[in-house]
Every structure is written in C-alpha cells, then in structure tokens.
Amino acid sequence: MIRTHRATELNNVALGEAVTVAGWVQRQRDHGGVAFFDLRDSSGVIQVVADPDEFPVITELKMEYCVRVNGVIRERPEGTVNADRDTGSIEIGATEIEILSPADVLPFLIEDRVDVDEKVRLQHRYLDLRRPRMAANLKARSMATSAIRRTLDELGFLEVETPTLINSTPEGARDMLVPSRLRQGEFYALPQSPQLFKQLLMIGGVERYYQIARCYRDEDFRSDRQLEFTQLDLEGSFWGRDEVLDTIEGVLKAVVRAVRGIEITEAFPRITWQEAMDRFGSDKPDTRFGTEIVDLSELVAQSEFGVFQKAISAGGTVRGINVGAQEWSRSRADNLTDRAKTLGAGGLVWMVVEPEGTLRSPVAKFLSEPEAEGIKEAMAAKPGDVLLISADQWKTAVTVLGALRLELGRPVDHEELAFLWVVDFPLFEEEDGKITFSHHPFTSPVSIDQMRDEPEKALSMAYDAVLNGVELGSGSVRIHDPETQSQVFDILGIDRETAQRRFGWFLQALRYGTPPHAGFAFGVDRVVMILQNEQSIREVIPFPKTQTGVDPMTGAPTWVDDQQLSDLGIAITPEAEQRREDT
RNA sequence: GGGGACGUAGAACAGUCUGGAGUGUUCGCUGGCCUGUCAAGCCGGAGGUCGCGGGUUCAAAUCCCGUCGUUCCCGCCA
C-alpha cells in the first residue's frame, strides 16, 4: 500500500498515529533548523514538518515533486494554527520522505490565483488540471452526470448507446465527416445529436431512453461552443410536452443539488417565445434583471421624426429600453450605434434624461412635448437614465435592444440561478426568403391545419431550457405520423424524392405503429459551466480545443501519411498541399 | 467569411500613444543565511529572436504593411 490516508482524512486520525500520505509538493519552506512543505492530493493539503539535519531530502523537494511521507499526526504548536486550511490544526512530523517522482521546473504555478494564458494552460493541461479550480470543475461535472443517471435510473429510464458513425444529412449544422476505407469516397458523419436514433428507439419500444451523448458540430467556436460537446439526450414514448418538462426539470434540479448543494423548490417559469422576444429581445432571456423592452410605437406613431415614421409605415415598430444611469459620451453613443448596426439595425436613437427632466438627444427636437413625456413615462425614466430606442422591423428592433440590454445591464450576482422554459416556438422561420424549420423537421406542429394554411404563423411543440441567459438545450414533441412528416417536408420544399432518399429509412420506420413521443437534450458542459461560474465552456472540458480547432498539447489536427490518404481514396487539394509543405 | 482586442524573460505584467542602449516590477529558477512557516523572510545571481517577415528612419518593442497565434463578437450553430 502506497498510502494509508488522503490529506483531509487526517483530521479524523488520532494524534500520535503513524500515517503514510502521498501527493504533490505544493510549497516548500526551509527555515534552516526546521523545514515545512505542503503536500497536496486530490482531497486537499496537509503540512509536513521535518528537521533538515535529520531528513536532508526535505531541502531537495521542489514544487510538484510527487512524494510519499511516513510520519506521525500531531497538533500544531500554539499560535501556529492555520485557520484558512481544513487541516490547519494538525501536521505530519515526518519519519521518512521518499521522492516518488521529481518534476521539471513548471511552466506555471499550480495555484488558482495565478492567471496564465490559456494556450499555455492547454499545452500543459495535465498540470492545469492539478489546480483546485480545474479539479473542482472536473468533480462538478462528474457529480452532474451521476445525478443525471441517478435521477433517470430511478424513473425507469434505459441508458442506450447510439452509434457515432452515422450518415450525413446536409440540414442544420455542418457535419464532422469520417472517410470510409472499405467504401472509398464515401463518408460517415459524427452525430450532431442522436435525434433520429432515439426516435427509432421509441419505435423500438424502449419508451424511456436517455444517453449522455457526445455530439459534434463542425461550426465556428464561441466561448460556449466546441466541435464536440456532451448532451443529456432523452426521449419518452406516450409523452407530451409536460412529461418532458417535468422530467428535465427534475434532472436539472438534481444536478443543481449535486453541484451547488441547494434545493430549487419552485417550478421553472414558463414563457412563450413571443413574450420572451417582446420583453427581452431574446429567445434565451436572462431574467436575473429587468431592463425590459418597451413598445413605443403608438406613442410616436404621429412623430415628425422620419426614422420613426418610416419604420412604422413599413410595418415595423419602435421599441426602447431604459438602461439606467450610464457613463455617457459621444464616443460611447457611437460605439453602441456601431454595435447596433453590426446586429442588423439601421441605427440607434439615444436619449439622456437631464436633471430637470428634459430629454437630451439628437432627435429631441423632432419630439413633441406629449411624445417626450409619453416616452419618459412608458420607460419609467428618471433623471440620469439613458434610453435606447430602435425603430425597425419587429425582430430586428427587439433583437438589437435585447443584445444591448445584456451588454449594459448585466447583473453580477453569480449565485442566482434563473431557470426558464421558453415554449411555443414558431414552427418555421424565413431565411433569405426561404422557409426553414426553426427547431428541426421532426418537430410536431401545434396544429396541422395551421401549419398547412398559415405556415408563417404556425407554432411548434418545441421548447427550450434557459439558465441565466444561456440556452441549455431544447426539445420537442415529435411527429409520429408519417403523413404529417411528409407534409412538413413538403412545406420545407423538400420534394418527395429527396425526402425519400435522405430519410426514407426513417419515414418507413414511422409506418410501423410509432408511439407518440417527445424528448429533450441539454448541454452538460453548459450547465456545469454556469453552476461553476465559469465564463467559458473550455473550463469544464478536460481537454478542449482552441478557437481554430487545435489542441495545443497534441497538435491535433495533423497531416497524415500519403498511404493513409490513398487507403481512403482521398486526395488533398493543391492549396492544402502547399500548406502541408510549408509546415 | 467579417470586425475588435491581445502577443515583451519559464509565468503575469509595465514600457508602445509621443521612436533614442533590452529599461523595470511581481512570481518562478539559482547560490547563500535562517528553528514555526504556511503566497515564509533576508542577501546575492542567472535568465530576452520584444510572435514572425518586410518597410520607414541616423535610430524601431514603440510608426507602417503583411503574416502567424490566442481570444471576444457578427455571420454560422436544424
């Protein structure tokens, strides 16, 4: 046995007892006649004391040496207790110190308070993982997944694995492709989600399925997006929306209990997509703070201000938010206007409420007294407040204000958890004049008649879970009737032949007594990220990739041998070949 | 595909705007001292392709152009 106890377990050991511990040297302090070092293992830290004359090895220890210590547990002398540490009232008087494995000089210190460039951390991720913050994140992740499994196992769910080498479908996100050697020129795709397979499991009579599934989307990175990520994927037969929401809500509450140690007793609020957009300008609203969007259209319907007039007569709207007291300057106004433009707005109107109550704004001179008063009243404006107004098509106006709301009014309370269901999503959305599905094409419409007659207004049985303004995941009641499924493809402009070619196998499966079913998937990485107060998903992924898809430690992705390429029947382009030679 | 920020010693930075010797700070590393520290302390020392390439200049970390890398955002992410 290499060790008898972990560091923090020593609190429960009788004084005078002989123990053996093993771990890493956190810090070493040599005082000449007496020397200390802090030994860290996965449980915590314990101080080891020795007389360097007796144990000269203690002066050889460097940070992150892996060591084993035999010693005796003893109370620290009066006045030397360290109240900041779990084991601060005891220490180990060493009787033997063995270096199990020395360490090179470190690229960075293994301490939370040290701020290190992320690339350097990723190049030595194994060292980064020794830091308490990262160790805690890994632990939180493990507790989250075990809470998920515990909860769903108790509910009688079956954990089923679906394949990760599947067929590519051009819809949605770009697929990660894997070339086939046995069938040269053909490709597998890595799943963006187990969507169709879990529906097949429902057809297969599983009734209650879940999987903690790795999913892949070959799209550009964000702080909350990686090429590969982990989802809790879940589906239930003979289920409607409420069964799904109740189950997922129970799972999320169990995760919060496991990771944060708190109990959420009240039900997650539900808000329709329309209301979310109107009030918060987002389909994933952060409801930890107000600053809601106000409709000013009627107030300024007769305004002399051309931009307002134009927006309204073009079927648009005029909306505003009161972002409260802000440092305000010309350059700030310009910055926000630019920001609004990058979000698709034509511009941005700003107003500052002067101490005497008048509005200071480039457009103030166009506003009548009743209009100015009406705006102030509608937006509950106080002296010093900054009002931002967008006049545009509805979706643009609310989206722009929603984004500015987040940038100017973000809360700082990291403890609060604002869960939310967003329901009644539109079934389709228009993109460059073309109708496309807003969730995925297997989502059930609320009404088949409406879908057929007024597709642009049709609602879907899709729903999202949102936490603190982050979309955790989404789900829907699925289409279980092959005829409805075909109609959806029709509306999407996918002709019968194409639908048959891409999804024929699935449409056929629907024809054998498919139970009504519904499901959900949420991102485990994102949930853990928020519960751990991390700003980036990379902090809760042990070995993430950088924004260009590179692993700085292994260098992946890398060039492969010509032989490997020819085995696959693949040639790389001259441009890529040039890059290959350059590197 | 587009926009912004950043890149200086092993790490984190200052210096860059307004060009003048690789100048400096903290941590780490290293030699020494030190019997109660715990981010120990004190004295000494080493350590630099200022990301890379080009240009302007008597002179470039500093100005200009390009490029690579990292990051945030827009597009994209059913």
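Throughout, protein chains are lettered first and strands after them, A, B, ... in sequence-line order, and every chain is numbered starting at 1. Worth saying up front: this structure is predicted, and the values here are computed from it rather than measured. Hydrogens, waters and symmetry mates play no part in the numbers below; they use all other heavy atoms, side chains included.
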Exercise. Report yes if at least one side-chain N or O of A:Arg27 is closer than 4.0 Å to OP1 or OP2 of B:rG28; otherwise report no.
Key: yes
Quiz prompt | Given B:rC74, B:rU71, B:rU70, the nucleotide with the shortest approach to the side chain of A:Leu343 | solution = B:rC74
Practice problem: May I ask you to evaluate whether A:Arg131 reaches the phosphate of B:rA11, defined as a side-chain N or O under 4.0 Å from OP1 or OP2? | Solution: no
Practice problem: Taking atom C1' in both B:rC17 and B:rA40, compute the distance separating them and give it to the nearest angstrom. | Solution: 41 Å
Exercise. Could you say whether A:Ser536 or A:His31 is positioned toward the 5' end of RNA chain B, judged by the nucleotide with the nearest heavy atom to each?
Key: A:His31
Practice problem: Please state the C1' separation for the pair B:rC68 and B:rG31 - nearest whole angstrom. | Solution: 40 Å
Practice problem: Find the distance A:Asp117:CG to B:rA11:P and express it as a whole number of Å. | Solution: 9 Å
Quiz item: At under 4.0 Å, does any side-chain N or O of A:Arg29 touch on OP1 or OP2 of B:rA40?
Solution: yes
Self-check item: Residues forming a ring-ring contact (aromatic ring centres under 6.0 Å, His included) with A:His480, sequence neighbours excluded
Solution: none
Quiz item: Which nucleotide in the set B:rU71, B:rC27, B:rA11 lies at the smallest distance from any side-chain heavy atom of A:Thr546?
Solution: B:rU71
Quiz item: Can you name the ring-ring contact (aromatic ring centres under 6.0 Å, His included) partners of A:Trp350, sequence neighbours left out?
Solution: A:Trp328
Quiz item: Counting only side-chain N and O atoms of A:Thr80, is one of them less than 4.0 Å from OP1 or OP2 of B:rC38?
Solution: no
Self-check item: Separation of atom CZ in A:Phe108 from atom P in B:rC29, rounded to whole Å
Solution: 15 Å
Quiz item: From B:rC77, B:rU37, B:rA12, pick the nucleotide closest to the side chain of A:Phe36?
Solution: B:rU37
Quiz prompt | Of A:Val114 and A:Asp224, the one whose closest RNA chain B nucleotide lies more 5' | solution = A:Val114
Practice problem: Would you indicate, yes or no, if B:rC77 has its OP1 or OP2 atom less than 4.0 angstrom from a side-chain nitrogen or oxygen of A:Gln192? | Solution: no
Practice problem: Could you work out which one of B:rG69, B:rC77, B:rC76 sits closest to the side chain of A:Ala173? | Solution: B:rC77
Quiz item: Expressed as a whole number of Å, how far does the P atom of B:rU70 sit from that of B:rG28?
Solution: 30 Å
